[in-house]
Participant: 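The structure follows.
Computed over heavy atoms, backbone and side chain alike; hydrogens, waters and symmetry mates excluded. Since this is a predicted model, take the numbers as computed values, not measurements.
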Amino acid sequence: MSNEELLKRYEDGGGQLAAANAEGLAVPPSLHVAIVTCMDSRIDVFALFGMKLGEAHVLRNAGGVVTEDVIRSLSISQRKLQTRDVLLVQHSGCGLATFTDDDYAEALADETGMRPSWRTHAFRDPVVSVRRGVRQLRHDPFLHPDTRVRGFVLDIESFNLQEVFLDG
């Protein structure tokens with residue numbers, strides 16, 4: 001039902017609206033920034049930062065965690081499309097804080113007969129997770145040496161951003 005609704009919206013003018021909104025925009029994001037955040041459907045990244053289409057790359061996954069694929073995408077974004085700044089934004093009340101990697105893998109194995117080859121990157125505390133992600137991004141050899149990284153936790157109820165700093 002949901003797929004059909006989205007396709008209907010596309011046919012009712014969504015595709016034309018998207019084309020009109022993208023007309024004249026360059027491929028590299030004009031603010032030279034990439035934002036890594038959670039796939040939580042309540043987070044409107046463009047509204048949150050007052051952005052327009054074409055200003056930033058937005059990478060989303062469960063939890064907004066730094067994964068191998070996030071590094072891959074950021075590397076391409078930086079080296080081929082001139083981004084230099086990265087914002088890492090996770091949020092309070094994230095579903096990834098409700099289970100562990102092992103528990104999830106075991107549940108999938110019980111259901112399917114196989115353990116996944118990937119991790120969920122579940123975490124208990126988004127502040128700790130953001131701090132680890134920022135550290136990982138700042139030291140990744142595949143990201144541009146001039147990369148500027150800042151990390152935040154978004155309060156999902158008030159939508160206040162709390163910046164997370166590395167110790168020391």
Side-chain angles (χ1 to χ4, degrees), residues 1-12 14-15 17-18 22 27 29 33-49 51 53 56-81 83 86-144 147 149-159 161-162 164 166:
M1 173 91 174
S2 297
N3 289 338
E4 295 304 318
E5 175 62 26
L6 291 178
L7 291 172
K8 181 182 181 316
R9 291 179 188 185
Y10 166 81
E11 291 168 357
D12 288 345
L17 179 61
V27 175
V33 65
I35 301 167
V36 178
T37 193
C38 186
M39 66 185 194
D40 189 305
S41 62
R42 298 170 290 180
I43 301 171
D44 180 345
V45 180
F46 286 87
L48 184 66
F49 292 107
M51 293 186 309
L53 199 61
H57 283 157
V58 178
L59 309 175
R60 297 179 79 138
N61 65 28
V65 294
V66 177
T67 63
E68 183 177 311
D69 193 60
V70 165
I71 297 294
R72 179 188 69 86
S73 294
L74 287 173
S75 174
I76 294 166
S77 174
Q78 290 186 332
R79 298 188 184 273
K80 297 298 182 183
L81 296 164
T83 60
V86 178
L87 291 182
L88 176 60
V89 182
Q90 295 180 8
H91 67 93
S92 63
C94 185
L96 278 187
T98 64
F99 56 85
T100 67
D101 280 338
D102 287 339
D103 290 343
Y104 193 79
E106 281 304 311
L108 282 179
D110 289 346
E111 182 179 328
T112 67
M114 299 181 293
R115 289 182 60 89
S117 59
W118 39 264
R119 295 182 51 222
T120 65
H121 297 275
F123 53 84
R124 293 271 182 242
D125 181 351
V127 171
V128 173
S129 181
V130 168
R131 189 171 288 128
R132 289 174 180 163
V134 167
R135 188 172 286 115
Q136 183 178 352
L137 291 170
R138 286 184 179 170
H139 294 97
D140 194 281
F142 298 111
L143 297 186
H144 196 278
T147 301
V149 182
R150 292 176 73 179
F152 298 86
V153 173
L154 175 69
D155 183 308
I156 200 64
E157 293 179 12
S158 69
F159 281 81
L161 277 177
Q162 171 195 350
V164 175
L166 298 184

Participant: OG1 of Thr100 to CZ of Phe123: how many Å apart, nearest 0.5 Å?
Facilitator: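 With rounding to 0.5 Å, OG1 (Thr100) is 13.5 Å from CZ (Phe123).
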Participant: If we only count heavy atoms from C-beta on, is the Cys94 to Cys38 side-chain gap below 4.5 Å?
Facilitator: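 Yes. Closest side-chain heavy atoms under 4.5 Å.
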Participant: Whether the side chain of Asn3 engages the backbone of Leu7 through a donor-acceptor N/O pair (distance < 3.5 Å, no angle test) should be reported.
Facilitator: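 No; judged by distance alone, with no hydrogens or angles, the pair does not exist.
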Participant: Which pair of non-hydrogen atoms, one from Phe49 and one from Val89, has the smallest distance, and what is that distance?
Facilitator: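 Scanning both residues, the minimum pair turns out to be CZ-CG2, 4.1 Å.
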Participant: Determine yes or no for a side-chain-to-main-chain donor-acceptor pair under 3.5 angstrom, with Arg119 supplying the side chain and Asp101 the backbone.
Facilitator: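 No.
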Participant: So do the side chains of Leu108 and Arg115 get within less than 4.5 Å of each other, counting heavy atoms only?
Facilitator: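 In short, these two side chains do not touch, never coming nearer than 4.5 Å.
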Participant: When you look at CZ of Arg150, are more than 12 heavy atoms from neighbouring residues, nucleotides or ligands closer to it than 6.0 Å?
Facilitator: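 Not buried by this count: 12 neighbours or fewer within 6.0 Å.
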Participant: Yes or no on side-chain contact (heavy atoms from CB on, under 4.5 Å) for Thr83 and Val33, after CA distance, side-chain angles and deciding distance?
Facilitator: CA-CA 5 Å; Thr83 60; Val33 65; 5.9 Å; no
Participant: Would Arg9 and Glu5 pass as an ion pair if we require N to O under 4.0 Å?
Facilitator: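 Yes, this pair counts.
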Participant: Looking only at heavy atoms, what is the nearest atom pair of Val70 and Leu59, with distance?
Facilitator: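 Scanning both residues completely, I find the closest heavy atoms to be O-CD1, 4.2 Å.
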Participant: Atom CZ in Phe99, atom CZ in Arg124: separation rounded to 0.5 Å?
Facilitator: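 Output value for this atom pair is 10.0 Å.
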Participant: Ignoring hydrogens, what is the shortest heavy-atom contact between Val149 and Arg138? Give both atom names and the distance.
Facilitator: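 The answer is O-NH2, 2.8 Å.
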Participant: To the nearest 0.5 Å, what is the distance between CZ on Arg42 and CD on Glu157?
Facilitator: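 Here the interatomic distance stands at 8.5 Å.
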Participant: Return the CZ to CG distance between Phe142 and Leu137, rounded to the nearest 0.5 Å.
Facilitator: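 CG of Leu137 is found 13.5 Å from CZ of Phe142.
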Participant: With distance as the sole test, does Ser77 use its side chain to make a donor-acceptor pair with the main-chain N or O of Ser73 at under 3.5 Å?
Facilitator: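 Not at all, since once roles are kept as given, no pair shorter than 3.5 Å links the two residues.
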Participant: Please name the pair of heavy atoms, one in Ile43 and one in His91, separated by the smallest distance, quoted to 0.1 Å.
Facilitator: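 Closest approach of Ile43 to His91, heavy atoms only: CD1-CD2, 3.7 Å.
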Participant: Indicate yes or no for a side-chain donor-acceptor contact from Arg60 to the backbone of Ser41 under 3.5 Å, with no hydrogens or angles considered.
Facilitator: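 A pair under 3.5 Å: no.
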Participant: Enter the distance from Leu88:CG to Arg132:CZ here, rounded to the nearest 0.5 Å.
Facilitator: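 So the CG of Leu88 and the CZ of Arg132 are separated by 13.0 Å.
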Participant: Would Asp69 and Arg72 pass as an ion pair if we require N to O under 4.0 Å?
Facilitator: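 Salt bridge: yes.
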Participant: Mind running side-chain contact (heavy atoms from CB on, under 4.5 Å) on Met39 and Asn61 for me, showing each step along the way?
Facilitator: CA-CA 5 Å; Met39 66 185 194; Asn61 65 28; 5.9 Å; no
Participant: Does atom OH (Tyr10) have a neighbourhood of more than 12 heavy atoms from anything else shown, all under 6.0 Å?
Facilitator: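 Atom OH in Tyr10 is not crowded, with 12 or fewer foreign heavy atoms closer than 6.0 Å.
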Participant: In Å, rounded to the nearest 0.5 Å, how long is the span from CG of Leu74 to CG of Leu81?
Facilitator: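 That separation rounds to 11.5 Å.
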Participant: Quick check against the 3.5 Å criterion: does Ser92 have a side-chain atom that pairs as donor or acceptor with the backbone of Ile156?
Facilitator: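 Side chain of Ser92 to backbone of Ile156: a pair is present.
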Participant: Just do the side-chain contact (heavy atoms from CB on, under 4.5 Å) check on Leu161 and Phe159 with the steps written out, would you?
Facilitator: CA-CA 6 Å; Leu161 277 177; Phe159 281 81; over 6 Å; no
Participant: Check Ala56 against Ile35 and note the closest heavy-atom contact, atom names and distance.
Facilitator: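 Heavy atoms only, the tightest pair is CB-CD1, 4.3 Å.
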Participant: Do you know which two heavy atoms are closest between Gln90 and Ser129, and how far apart they sit?
Facilitator: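 Minimum heavy-atom contact is OE1-OG, 2.9 Å.
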Participant: Within the side chain of Gln162, is there an N or O that forms a donor-acceptor pair under 3.5 Å with the backbone of Val153?
Facilitator: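 A pair under 3.5 Å: no.
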